[in-house]
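Residue numbers begin at 1 in each chain, while the letters A, B, ... track the order of the sequences. Below, each value reflects all heavy atoms present in this structure, side chains not excepted, and no hydrogens, waters or symmetry copies.
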Amino acid sequence: MISYILRRLLYLLPVCIGILLVTFLIKAAIPTDAVSMLYSGQLTEETSAEAEAIIRAEFHLDQPALVQFFYYVTDILRGDLGVSVRTREPVIDLIGYRYLNTLKLAFASLAIGVILGVGTGIISAYYKDTFFDVTAMTVSLFGLSMPAFFLGILLILFFCVELRWLPVIGDGSWKHLLLPSLNLGLILSASLARITRSSMLEVLDLEYIRTARAKGLNERLVVFKHALKNALLPVITIIGLQIGGLLGGAFIIENVFAWHGIGELAVKAIIWRDFTITQGIILISAATYVLANLVVDILYQVIDPRVRLAG
Amino acid sequence: MKAYSLFLAAILLVTGLAACQPAEPINLGLEVPEGDTFSLRIAEDPETLDNVRTTSGAAEAVMALTFLERLIYIDQENVIHGWLAESWAVSDDQREVTFFLRQGIKFTDGNDFNAQAVKFHFDRILDRANASPAKAYFGSLQEAVVLDDYTVKLVFEEPFAGLWNVLNYAYSGFNSPAAVEQWGEEYGRHPVGTGPFMLNEWIPGSRLNFVRNPNYVQVRGDASNPGPALLAQIVFLVIPEDGTAMAALQTGELDASVLNADTLPQVEGKPDFNIYFHENSTSLQFIEFNCEKPPFDDPQFRTALGYAVDRDAIVLASRGGYSTAIYNPLAPGLIGYDEAIGLEYGTPYNPDMARQLLDDLGWVDTDGDGIREKDGEIASFEMWSYTGYTYVPRTLEVIQQNFLDVGIEIEIKLSDWGAFYPSLKRDGLDMDLMRWTWGDMDVMTVLFRSPGHRGHIPEDAELDAVLDAIETTMDFEQRLDLARQAQTLLLGRMLIVPIQADWTMYALSADVRDFHTDYFGYLIAGDLWIEK
């Protein structure tokens, strides 16, 4: 197990280098950089050209792309993600607390999504074709179809503006965390409910479940111990993929709730053409994604010892 | 191999853990006075509050109304007054401007504001090592010379008439030299000025708290409160989304937010809110052409397009009626704007006139498909603009229909500003929809003096001479005359088609009192108060 984990962690290296290389190639193909964006719209381009040249030299942006790449990778190996051209702050400081905010939001959303989604899926499967099942699956279809930002605005209008129960903005307490995580969690629960339901239905029809029931086992034991354990495997796969999405793609929700996470920063960095920040975020997101999938793989073996960890 | 793997894993783990360390909020530990707090929305966190290092709108919006004060200000009637300078004198050769500073002004760290502080600021802007974006705005400024403790002289290589404008922006405000030296590269997070508010706390990406400067003395004639600010605190809340800001206004988490045509209806007519309009706009939206590429190289063709544009429809569709239809190549809020010239030489909506001019040029619809042709070329062109603002596509959609009505087809092309603006220099460009905000008539020189800001305006000795003179003529009356000449010549050549000048609008909680702005739309924050 330990050697497997270390081997998977080692895979991070080529993944990160590959990602850095691709982002560098994209960067090289784009005609503007953070410096020209910093001075964009200056009244006399001749004057700003002098200042631009000074900053480009300071950040090695006047060097060929390959040399820039070399500088960047060398810095990364020293644990330095570089300095933002726009804010002049270390990228690690810019990303740091935002990453923590994004993690908080991701895990709170995940908790809500899993509890609601898996719970609804199990009940729907058990009470197949009942009123509850039909209602739950219809609602989940709405959840799948509804744009996340739209649900976000509805939640704000209902809980903040109408009921005045929760604050609209901020990231200081659980009250601020509740709505954005509920927003993402509800969207996530829609897909989890449907997958859990179909997976459970498949398992509940299998012979070993019939055998367990025939042996007179307690129904709760049949469902939660024997059926759910096997039904969870595809659900865990989806959860693993969703964690990556939550960590890298929650920027719309972060913007709607003014939740200052890395998604929000990524959007700004792209607009600013501040590639040092963009690369830092991509690197951290990629590492998180790989680690999340590693955890999923390990969970696989915990749930089903027949699964062999190899790779 | 095993040791190598462990080493790499350790690096990644350390990097990951380091990334988890939250940034410490900047807390300057100032005493928070008793009194009311006013919360204002900003869409973006400033990257720094060192005005030598930034001229961005995000930083300007915070710095200009809190801790930075300037030498002069322009009031709502477009009259220049002294602020930190009591008076000034221009040398005979117009290359030197001497400012006589007000005495008794102190920075909030207790140090005196004096000629050394003014020189210190301009030295920092001119210092190549700072690569200050503000330097680009100061023309041919050579140096600042201290004549005595309260007299300082700015020396230019060429007369620089735009000085009165640039002295109003936040990058012309003064920082305490002692604080700049104390904090060095970190000064942008620990700014110290002479203004009515002092930075107390900054949670990056989230909020900035400013507290009242208890020793402040207001000298501006357009302010009503001569003493320290009436508010105890101003809080700037970073809220990127308009919809979220509107909800925060309704719940009372915000006291004020800038509005646009989409958000205004949400608060309009509601008793809980007041709306403040700053109509004296220094912004101009216009269509500009590649004047070196046929058929846009023909002024008559450009004029025909000018007559085809229904500005009133654009004002309604793109700004909900809250902007001014414009026929001059200069924003109406600027000194030198002359409405009569626009009415005489401009192109009011007249599609019949547009059709007639196009017919005269030989552009006719021969195949009956509604689109004109000439010498085998179809009148189908591209119009570029930028993303991120709802008024842009809405303006373009009206223009597209207006042009189609006279037999000209356009394809709308949008990209984000970073890609859009540099791309305008390419030879193949047809036309674009642009918007520019600037506080002085020399915006005409910057944009339209050949070869133009994007390189598509052919040399024109007569026009260029007038535009050059606008930059170097310090005499106020002469400059007004030049502005009139430039507007007339630009309309005669129809280098651009002016469209509209948008207003700045704020939604205010009903209990906010004495909210008012100056010539540039900057809030005079010391006058604000909240009625209980």
Side-chain angles (χ1 to χ4, degrees), chain A residues 6-7 9-10 12-13 30-32 36-45 47-48 50-52 54-55 58 77 79 81 84 86-88 92-100 103 153 156-157 160-161 164 167-171 255-258 260 264-265 268 271-273 284 287-288 291, chain B residues 2 4-6 8-9 11-16 18-23 44-45 47-48 53-56 128-129 131-133 135-137 139 162 185 188 204-207 237-241 243-245 247-248 250-251 253-254 388 416-419 421-423 436 438 442-443 446 453:
Chain A
L6 287 176
R7 204 160 50 243
L9 287 173
L10 189 59
L12 265 176
L13 189 67
I30 294 174
T32 47
S36 53
M37 283 303 290
L38 197 59
Y39 293 88
S40 178
Q42 293 293 307
L43 289 177
T44 51
E45 285 179 322
T47 322
S48 68
E50 181 197 2
E52 286 185 29
I54 294 166
I55 295 187
E58 187 184 332
L77 288 173
L81 290 179
S84 157
R86 191 172 187 96
T87 69
R88 303 254 174 166
I92 199 85
D93 288 351
L94 284 170
I95 293 177
Y97 74 96
R98 286 185 170 92
Y99 184 65
L100 203 65
L103 280 180
I153 289 166
I156 287 175
L157 288 176
C160 307
V161 178
R164 305 281 168 119
V168 179
I169 48 170
D171 49 17
N255 267 321
V256 167
F257 289 94
H260 304 289
E264 186 213 16
L265 180 66
K268 280 182 190 166
I271 293 168
W272 296 339
R273 302 287 194 274
I284 297 283
T288 311
L291 288 174
Chain B
K2 200 170 181 180
Y4 183 57
S5 306
L6 280 170
L8 284 170
I11 285 179
L12 286 164
L13 195 63
V14 168
T15 308
C20 285
Q21 296 301 313
E44 197 179 324
D45 200 26
E47 64 274 28
T48 174
R53 290 289 177 84
T54 181
T55 56
S56 77
R128 290 185 81 249
S132 173
K135 188 182 172 191
Y137 291 105
E185 287 292 315
S206 184
R207 61 166 62 209
L237 294 171
V238 184
I239 310 176
E241 280 295 312
T244 314
Q250 291 177 58
T251 59
E253 290 171 69
L254 262 184
D416 80 307
W417 180 267
Y421 194 65
S423 77
W436 207 271
W438 188 233
D442 67 3
V443 67
V446 171
H453 72 125

Can you say whether [X] sits under 4.5 Å from chain A via the side chain, the backbone, both, or neither, judging by heavy atoms?
X	value
Gln250(B)	both
Leu254(B)	neither
Ala419(B)	both
Arg207(B)	neither
Thr251(B)	both

How many angstroms lie between atom [atom1] of [X] and atom [atom2] of [Y], to the nearest 0.5 angstrom?
X	Y	atom1	atom2	answer
Glu185(B)	Arg88(A)	CD	CZ	6.5 Å
Ile95(A)	Ile284(A)	CD1	CD1	5.5 Å
Ser206(B)	Ile239(B)	OG	CD1	9.5 Å

So which of [options] has the largest heavy-atom pair count under 4.5 angstrom toward chain B?
options	result
Leu265(A), Thr87(A), Thr288(A)	Thr87(A)
Leu157(A), Val256(A), Ile271(A)	Val256(A)
Met37(A), Arg86(A), Arg164(A)	Arg164(A)

For the interface with chain A, which of Glu241(B), Glu253(B), Glu47(B) has the highest count of heavy-atom pairs at distances below 4.5 Å?
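Maximum pair count with chain A is reached by Glu253(B).
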
Between Tyr137(B) (side chain) and Thr55(B) (backbone), is there a donor-acceptor pair under 3.5 Å?
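Not confirmed, Tyr137(B) side chain does not pair with Thr55(B) backbone.
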
Taking only residues two or more places apart in sequence, or in another chain, which ones meet Ala247(B) in a side-chain contact (heavy atoms from CB on, under 4.5 Å)?
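In terms of side-chain contact (heavy atoms from CB on, under 4.5 Å), with neighbours along the sequence ignored, Ala247(B) is linked to Ile156(A), Val161(A), Val168(A).
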
Where on Glu264(A) is there a heavy atom nearer than 4.5 Å to chain B: the side chain, the backbone, both, or neither?
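Looking at Glu264(A), just its side chain touches chain B.
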
Can you tell me which portion of Ile153(A) sits under 4.5 Å from chain B's heavy atoms? Options are side chain, backbone, both or neither.
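Contact with chain B involves no heavy atom of Ile153(A) at all.
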
Would you name the heavy atoms of [X] and [Y] that are closest together and state the gap between them?
X	Y	value
Ala248(B)	Ile169(A)	CB-CD1, 4.4 Å
Val443(B)	Trp438(B)	CB-CD1, 3.6 Å
Ser132(B)	Ala51(A)	O-CB, 4.4 Å

